[in-house]
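I have placed the structure first, in the form of structure tokens, so that the comments after it can refer back to it.
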Amino acid sequence: MIVPSIDLRDGQTVQLVGGETLALEAGDPLPIAEHFAVAGEIAVIDLDAAMGRGSNAVLIERLLDAGFACRVGGGIRDLATARRWLDRGAAKVVLGTAARPELLRELPRERVIAALDARHGEVVVEGWRKGTGRGILERIDELRDFVCGFLVTFVEREGRLGGTDLTLAEAVVRAAGPTCRVTIAGGVTTPEEIATLDRLGADAQVGMALYTGRLDLADAIAAPLRSDRPDGLFPTVVVDERGIALGLAWSSRDSLREAVRRRAGVYQSRSRGLWVKGETSGATQELVRVDLDCDRDALRFLVRQKGPGFCHLERFSCFGEAEGLARLEAILAARAKAPPEGSYTAKLLADPGLLAAKLREEADELARAEGREDVVWEAADLLYFALVKLVAAGVRLAEVERHLDRRARKVTRRD
């Protein structure tokens, strides 16, 4: 799998050769993250903090606040800083010289990556300027019980677009063992390298090849895919932002490339060729993320569905209408656009004071409810009014769920 990289220096997205020579400036990281997010997690490295000469924390906070799944690294040298980034919503933190067992024990293992920078197999520190005399495999052996993964950068290849060291990568994966996922950085340039690393059990962190156009993002995402079908297609499960299945489609490498380019639901019809969902019906899709399954022979498209729904019968999904909160949200949104005469929902939307009073009333009734049936009844009332409030504010339920997911990432708990 690919992990796109955003390196920050002096308030800009940059790419360096060998960690020293500026090769390009790409500007504001926010639109870059929006482009990369379709691939999943993004590595965001604060080069100034890593070198001890400043900070790009404000930029990283912007990315986290925007909801991007970021692996945050650079200048994390103590427990407080690591916890602060985890509390801010970082998917994972990346620790370099601070990756010591006594510190790592205080952090959730599943959200910590140890960064090991190596030049010709020797671990280097202080911005890659100083050798340690220690081998990279030795350091992995010391740390693998305390982290969920390793970011291994081959410094002599970083930013040079000359290919990576697949032999050493294989040795690194063996040393890390089955419980630690390895990410290789430095020189990865082609889909074939990404596919080979994936077969070895490693991800590829890529920067320069993406920024220069040597590597297409869609080709990088598709690299590990393999199909045993005569037509070479990949079954594609289409889900909404809440992970609810909308239907099954088919993808080819060409359709995936077009889907990523357009950030839309583009698929491969087995009879009609390339087709764009909603192009004639208006039921368009915004592509949010592409996931590969564990066997690398199927895809999942997470989409933001527009119009009447995914199904050609103008239903929410090919498996029927939405249920539960998804159904209620859809009904309320429709009534907000075209309020039926006498609609109580329309009355609430038109009177914020009434809606606020009902929210307070129902919250109090739920707090006082005691029996099982009463709790269910009062909770249903409160959820209805809460969803009306969301619709009135133009907020989707999926946004609230993502916010709850961010809260769940906090490691510092309230007393």
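Not measured: the values here are computed from a predicted model.
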Residues that Arg368 engages under salt bridge (Lys or Arg N to Asp or Glu O under 4.0 Å), provided they are two or more places apart: Asp364
Output yes when a side-chain donor or acceptor of Asp87 lies under 3.5 Å from a complementary backbone atom of Lys410, and no otherwise. no
Give the intermediate values and the outcome of side-chain hydrogen bond (donor to acceptor under 3.5 Å, both in side chains) for residues Asp198 and Thr196. CA-CA 5 Å; Asp198 189 74; Thr196 300; over 6 Å; no
Taking all atoms of both residues into account, what is the closest heavy-atom pair of Ala398 and Glu241, and its distance? CB-CB, 3.6 Å
Excluding sequence neighbours, so at least two apart, what forms side-chain contact (heavy atoms from CB on, under 4.5 Å) with Asp374? Ala369
Evaluate the criterion side-chain hydrogen bond (donor to acceptor under 3.5 Å, both in side chains) for residue pair Thr183 and Arg71; output intermediate values, then yes/no. CA-CA 12 Å; Thr183 303; Arg71 301 178 176 187; 3.1 Å; yes
On a heavy-atom basis, the closest approach of Arg83 and Leu107 is CG-CD2, 3.9 Å
Under the side chain to side chain donor-acceptor pair (under 3.5 Å) definition, can you give me all pairs with a residue in residues 139-151, not counting sequence neighbours? Arg134-Glu142, Arg139-Glu142, Asp141-Arg144
Sorted by chain and number, sequence neighbours left out, side chain to side chain donor-acceptor pair (under 3.5 Å) with Arg174 holds for none
Residues passing the side-chain contact (heavy atoms from CB on, under 4.5 Å) test with Gln12, sequence neighbours excluded, are Val14
Test: ring pair (Phe, Tyr, Trp, His ring centres under 6.0 Å). Region: residues 197-216. Which pairs qualify, not counting sequence neighbours? Phe36-Tyr211
Would you be so kind as to tabulate the donor-acceptor pairs closer than 3.5 Å made by side chains of residues 331-349, with sequence neighbours excluded?
| residue | atom | partner | partner atom | Å |
| --- | --- | --- | --- | --- |
| Ser343 | OG | Thr345 | N | 3.3 |
| Ser343 | OG | Ala346 | N | 3.1 |
| Thr345 | OG1 | Tyr384 | OH | 2.9 |

Report yes or no: does Thr164 contribute a side-chain atom to a donor-acceptor pair with the main-chain N or O of Gly186 at less than 3.5 Å? yes
What are the two closest non-hydrogen atoms of Ala185 and Leu151, and how far apart are they? CB-CD1, 4.1 Å
Scan for ring pair (Phe, Tyr, Trp, His ring centres under 6.0 Å) pairs involving residues 246-281, sequence neighbours excluded, and state none if there are none. Tyr267-Trp275, Tyr267-Phe301
Pairs touching residues 212-224 that satisfy side chain to side chain donor-acceptor pair (under 3.5 Å), sequence neighbours left out: Asp219-Arg257
Strictly below 4.0 Å, N to O, side chains only: are Asp48 and Arg53 in salt-bridge contact? yes
Here the ring pair (Phe, Tyr, Trp, His ring centres under 6.0 Å) pairs for residues 307-341, sequence neighbours left out, are none
Under the side-chain contact (heavy atoms from CB on, under 4.5 Å) test, residues paired with Asp228 that sit two or more places apart: none
Taking the basic N atoms (NZ, or NE/NH1/NH2) and the acidic carboxylate oxygens, is any pair closer than 4.0 Å for Arg327 and Glu321? no
Residue pairs passing the side chain to side chain donor-acceptor pair (under 3.5 Å) test with at least one member in residues 352-363, sequence neighbours excluded, are Lys358-Glu361
